[in-house]
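Okay, structure first, notes after.
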2 protein chains.
Amino acid sequence: MKDAAALSTFRHLPPDKQERVLTAALEEFADKGYHQASLNKVVAQAGIAKGSIYQYFPNKEGLFSFLFQQALGAVRRTLTAVKEETLEQDLFSRLEKSLRAGVRFLREHPRIYNFYLKIQYDKNVPFREEFLAVIRRHAAEYFGSLVRRAKARGELRPGVPEDAVLFLLDAVFDRFLQATALSALDVTLGLHQAPPEIVDKRIREIIGLLREGLAA
Amino acid sequence: MKDAAALSTFRHLPPDKQERVLTAALEEFADKGYHQASLNKVVAQAGIAKGSIYQYFPNKEGLFSFLFQQALGAVRRTLTAVKEETLEQDLFSRLEKSLRAGVRFLREHPRIYNFYLKIQYDKNVPFREEFLAVIRRHAAEYFGSLVRRAKARGELRPGVPEDAVLFLLDAVFDRFLQATALSALDVTLGLHQAPPEIVDKRIREIIGLLREGLAA
DNA sequence: ATCTTTCATGACCACTTGGTCATAACACAA
DNA sequence: TTGTGTTATGACCAAGTGGTCATGAAAGAT
């Protein structure tokens with residue numbers, strides 16, 4: 001994570017200008033992914049000259065890296081907040097609340113979420129392995145701690161394979177969030193622009209299925 | 001789906017040359033996605049001149065469209081085969097077998113699967129909405145028919161919301177296949193290059209969890 | 001052998017990209 | 001006013017893109 005620092009010129013800029021640049025860049029990367037994103041578009045949107053962006057960041061990769069760092073910070077803050085808030089509750093309430101928090105985050109920071117999706121699904125993004133490993137670590141820590149705590153409390157059916165449980169949670173959470181963010185994946189549940197009550201209802205349904213199973 | 005036809009010149013080509021071109025193109029698109037894919041690379045790999053590709057297909061979009069059509073055909077054939085083979089079995093056996101068939105397909109046609117993933121996760125692919133709608137229809141038909149049949153046979157817990165069940169199946173299947181195809185998403189299960197026994201074991205675990213639930 | 005139709009070719013075009021750099025504008029000090 | 005260090009600028013570059021087209025090679029038919 002070397003190139004993550006902005007150049008000193010950028011750090012001395014008035015905050016509103018910094019924000020204009022970062023917002024424009026995040027938007028472009030979130031929309032197009034790394035390679036397809038155009039710095040020409042970014043500078044135009046931010047209202048600065050082409051040369052200026054290279055006074056702020058060493059190059060395209062540096063800018064990209066910096067944005068990732070920022071985004072990661074935002075995610076980590078909400079993750080740890082939810083984790084602590086729900087510490088004493090049972091697994092399935094915690095899962096419900098986590099998913100709700102996920103949806104809230106995604107609606108407050110849609111660009112960050114799309115940015116993350118591009119990293120996950122575009123093989124040719126610089127630092128991809130590095131970045132995904134970091135995200136992976138956080139997710140594993142989060143779900144892992146929930147599940148282990150639940151197991152210790154006897155909330156899980158005895159003998160369930162922990163790996164498979166983690167996979168299941170990861171899969172369902174990820175896809176649920178993808179469905180609320182990308183209309184193309186929102187086939188069955190109608191989450192894309194749904195009001196909170198609907199989303200909550202869906203969350204309860206899904207967690208209920210995970211909890212009790214499908215079989216008669 | 002207008003542009004899906006190859007130009008007549010292509011159709012009159014010797015089959016091995018056709019295949020060289022299609023393989024090279026599919027590989028490039030599967031690897032880079034639509035925009036990042038380079039026709040220059042395709043023609044180089046196929047061993048033909050730049051101009052020739054425009055004698056075979058009207059343009060980049062036309063080539064892309066044609067490949068989609070081909071890929072869809074391959075998917076449909078295996079889908080209907082599995083559906084019919086398992087018609088008389090109970091839901092959870094059918095799900096296991098479907099997932100196994102999915103893994104098999106993906107290993108036999110890795111490029112087709114990556115091609116599909118690019119379409120799903122790149123907002124800026126031409127005809128994307130059209131293509132995804134088609135895929136969606138097939139998946140909904142497939143899972144829908146399995147689930148309705150199971151419900152009619154009383155294999156499902158009474159009162160489970162059908163939408164949510166479909167979502168869950170879609171999410172888990174999709175992610176399972178993604179994990180076996182993309183090492184980056186294969187965090188917990190170790191599927192990426194696993195031998196069939198391991199994969200089968202994982203499949204049974206996952207379907208078991210879906211069937212019986214997580215709760216004690 | 002000549003004509004015609006089909007296929008192959010690669011130089012070429014306009015355009016976009018990430019990145020550079022000489023120059024100009026600015027701000028603050030002496 | 002003169003000097004000094006920092007920031008802003010956009011013309012410019014090499015490289016790569018999708019796409020075109022005049023030319024030439026094959027192949028078959030007469």
So side-chain hydrogen bond (donor to acceptor under 3.5 Å, both in side chains) across residues 13-31 of chain A, not counting sequence neighbours, yields Glu28(A)-Lys32(A)

Starting from P on dG19(C), measure out to CG on Leu63(A) and report it in whole angstrom.
10 Å

What string of B, S and - do you get for nucleotides 5-21 of chain D 5' to 3' if you count protein non-hydrogen atoms under 4.0 Å?
--SBBB------SBBBB

Counting only heavy atoms not in Gln45(A) (residues, nucleotides, ligands), do more than 12 fall under 6.0 Å from its CD?
no

Are Lys118(B) and Phe29(B) in a cation-pi setup, meaning NZ or CZ lies under 6.0 angstrom from the ring centre and within 45 degrees of the ring axis?
no

Donor-acceptor under 3.5 Å (Lys97(A) side chain, Lys83(A) main chain)
no

According to the ring-ring contact (aromatic ring centres under 6.0 Å, His included) rule, which pairs have a member within residues 182-203 of chain A, sequence neighbours left out?
none

